[in-house]
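One structure below.
Numbered from 1 within each chain, the chains take letters A, B, ... in sequence-line order.
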2 protein chains.
Amino acid sequence: MTVERFASPDAATVARVVGDGLREGAVVSIEAECEVEYDGRSGGYLGPGDRLVVCKPDGTLLVHRPSGHKPVNWMPGGATIKLEPGESDEDAPLLYARRSNPNEFLRVYLQDVYSVSRFDAEDAVEYQERGTEAEMHEYIESNPETALEAGIRIVEHERETQYGYLDFFAQDADGTPVVVEVKRRQATLNHFDQLKRYMELYRESNPEVRGMLVAPSTSDRVKRALRDNDMEFVRLAEFDVETREASETTLTDFS
Amino acid sequence: MTVERFASPDAATVARVVGDGLREGAVVSIEAECEVEYDGRSGGYLGPGDRLVVCKPDGTLLVHRPSGHKPVNWMPGGATIKLEPGESDEDAPLLYARRSNPNEFLRVYLQDVYSVSRFDAEDAVEYQERGTEAEMHEYIESNPETALEAGIRIVEHERETQYGYLDFFAQDADGTPVVVEVKRRQATLNHFDQLKRYMELYRESNPEVRGMLVAPSTSDRVKRALRDNDMEFVRLAEFDVETREASETTLTDFS
DNA sequence: GATTTCATGTCGGCA
DNA sequence: TGCCGACGTGAAATC
């Protein structure tokens, strides 16, 4: 049996299921009324309420409220999770997770456990992702003239500078060097800053060097900042999610 | 009963529990072997394997593998979730979530549902957080001389400029203006960029203006970049998570 | 709705 | 291990 579930378990059962489950590599889910306390990089307290608590064998602990994408409290993988049965029968069992670097902990007081389940999940396949920044780089590298401008030539990809990595170092039709920074989504002021930082390095030795910020879109503010600093925005419409209708791919597309 | 669970349910039961549950405001968790397909801002495919699928009544959908803090696939709140029973008995029921803006969808093919549970969770209390950037601002505003330097005076908090907001605008003991950028964690090159952007605005009219990057810590690289640009780093040790041992607060601290 | 900034961001890559 | 930047970043505040 892959899933074992216990309704209204007592503290000892909860302790056993959590302890054995995690040690043996299972995912343990708990539906309970609980109180949560966190301290570390930030700190917080959540009073009594019903939540879904998920413990993974890698040390991940998630506390989910009935709404919201993010867990209200959590511990990323690598933490040590243990369950301490309450001292007396009235005491709530304590689900306790701690990690160092940074030093932090999470305490979940399980005041009323409605249900706990142990899930011996087998999941080995890899997630296949499409549409990453790496893909955008590949596209630009193979089609620089379509993507950027006629006559441009890529000289180097991922060039290291003393101020960090720049995406492409290129030369335009006239042989003028071009610093290219690529963003997969709408370019922000931070991205402008980043490009400018690289530009300053090259402009010292060659004031002619050009700077290109390449992205599916950007705001007017960023465009103005670029103009004010003699840099350029290049729109890569091919990667704009909003204009490209979410394509109705089917499973066979991945075969 | 707050939690209702069904072991090895058939497609019709899964459809009923998911449909009724979400409509009636419950959290539905599914432990199943499934296949996942996503398309939208990015795209991806996850082959068959055992996962925990969580559906919330606000439209949140999470697919969790047995390890990792983040769901391998998800849909943030606001999506429309529906479950379509397979056409025939052999067809896997399809859990389908869609949203617009951006336009994207998630398909979870439930090939083998080990268990589905409906959790009518009641959770009304608010989460109380400590240690935010706002708190750091308050601290600096009330103790500028301890936090920053002797004789300094805060002139303005959250001043708007044509290039964005700066955290504090101050004057030192000599009356020289000081631009202050505050970060609640280790300051990065990006934060340096941000401060520099503001600085350039002020230096045009007054080359004497000072720039302060205030954070619990930063890297040597950032310190050097600051020095090279005649700006300063101010360490706010009070907010350093690493030096401050995770304090052993108790529930009573929040009363 | 668009833009900007914060976050217990998390995650991965590389020195 | 620490630093650095991408992310389907998400979420809040502001305009």
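- Summarising the geometry, the separation between CG on A/L195 and P on D/dA6 is reported as 12 Å, rounded to the nearest angstrom.
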Problem - Pair A/E129-B/Y38, side-chain hydrogen bond (donor to acceptor under 3.5 Å, both in side chains): steps then yes or no - result: CA-CA 9 Å; A/E129 194 177 17; B/Y38 158 70; over 6 Å; no
Mind listing the N/O atom pairs, protein and nucleotides 6-10 of chain C, below 3.5 Å?
residue, atom, partner, partner atom, Å
C/dC6, OP1, B/E133, OE2, 3.4
C/dC6, OP1, B/K183, NZ, 3.2
C/dC6, OP2, B/K183, NZ, 3.2
C/dA7, OP1, B/E133, N, 3.1
C/dT8, OP2, B/E129, OE2, 2.9
C/dT8, O4', A/Y38, OH, 3.3
C/dT8, O4', A/S42, N, 3.4
C/dT8, N1, A/Y38, OH, 3.3
C/dT8, O2, A/Y38, OH, 3.4
C/dT8, O2, A/R41, NH2, 2.6
C/dT8, O4, A/N73, ND2, 2.6
C/dT8, O4, A/W74, N, 3.2
C/dG9, OP2, B/R184, NH1, 2.9
C/dT10, OP1, A/R41, NH2, 3.2
C/dT10, OP1, A/W74, NE1, 2.8
C/dT10, OP2, A/R41, NH1, 2.6

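- Residue B/S219 places at least one side-chain N or O under 4.0 Å from the OP1 or OP2 atom of D/dC4.
- Of the listed residues (B/K183, B/Q186, B/M136), just one forms a side-chain contact (heavy atoms from CB on, under 4.5 Å) with B/P216, and that residue is B/M136.
- Between the P atom of C/dT4 and the CZ atom of A/F192 lies a distance of 12 Å, rounded to the nearest Å.
- For the C1' atoms, the distance linking C/dT5 with C/dG9 amounts to 13 Å, nearest Å.
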Polar atom pairs between nucleotides 12-15 of chain D and protein, under 3.5 Å, N or O only, would you list them?
none

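- Scanning for ring pair (Phe, Tyr, Trp, His ring centres under 6.0 Å) contacts around A/H191 gives an empty result, with sequence neighbours left out.
- In this structure, the NZ atom of B/K56 is 13 Å from the C1' atom of D/dG10, given to the nearest Å.
- Across D/dC4 and D/dG8, the matching P atoms stand 22 Å from one another, rounded to whole Å.
- Along DNA chain C, the nucleotide nearest to A/Q186 and the one nearest to B/G68 differ in position, and the one closer to the 5' end is contacted by A/Q186.
- Of the side-chain N and O atoms in A/N101, one or more sit less than 4.0 angstrom from OP1 or OP2 of D/dG2.
- Atoms NE2 (B/H137) and P (C/dT5) sit 13 Å apart, rounded to a whole Å.
- Rounded to whole Å, atom P of C/dA15 lies 11 Å from atom CZ of B/R221.
- At the heavy-atom level, B/T188 lies nowhere under 4.0 Å from the strands shown.
- For the pair B/D123 and A/R51, the minimum side-chain heavy-atom distance is below 4.5 Å.
- Protein atom CG of B/L62 is 15 Å distant from nucleotide atom P of D/dG8, rounded to whole Å.
- Atom CD of residue B/Q194 and atom OG1 of residue B/T188 lie 9.0 Å apart, to the nearest 0.5 angstrom.
- Note that B/R107 lies in the cation-pi zone of B/F105, set by a 6.0 Å cut-off to the ring centre and a 45° limit from the axis.
- Between A/F169 and A/Y202, the ring center distance clears the sub-6.0 Å criterion.
- As rounded to whole Å, 15 Å separates atom C1' of C/dC11 from atom CD of A/E126.
- Put simply, CZ on A/R99 and CD on A/E104 are 4.5 Å apart, with the number rounded to the nearest 0.5 Å.
- The distance from atom CZ of B/R224 to atom P of D/dC4 is 10 Å, rounded to the nearest whole Å.
- Between B/E200 and A/K196 there is a salt bridge, since a side-chain N of the basic residue sits under 4.0 Å from a carboxylate O of the acidic one.
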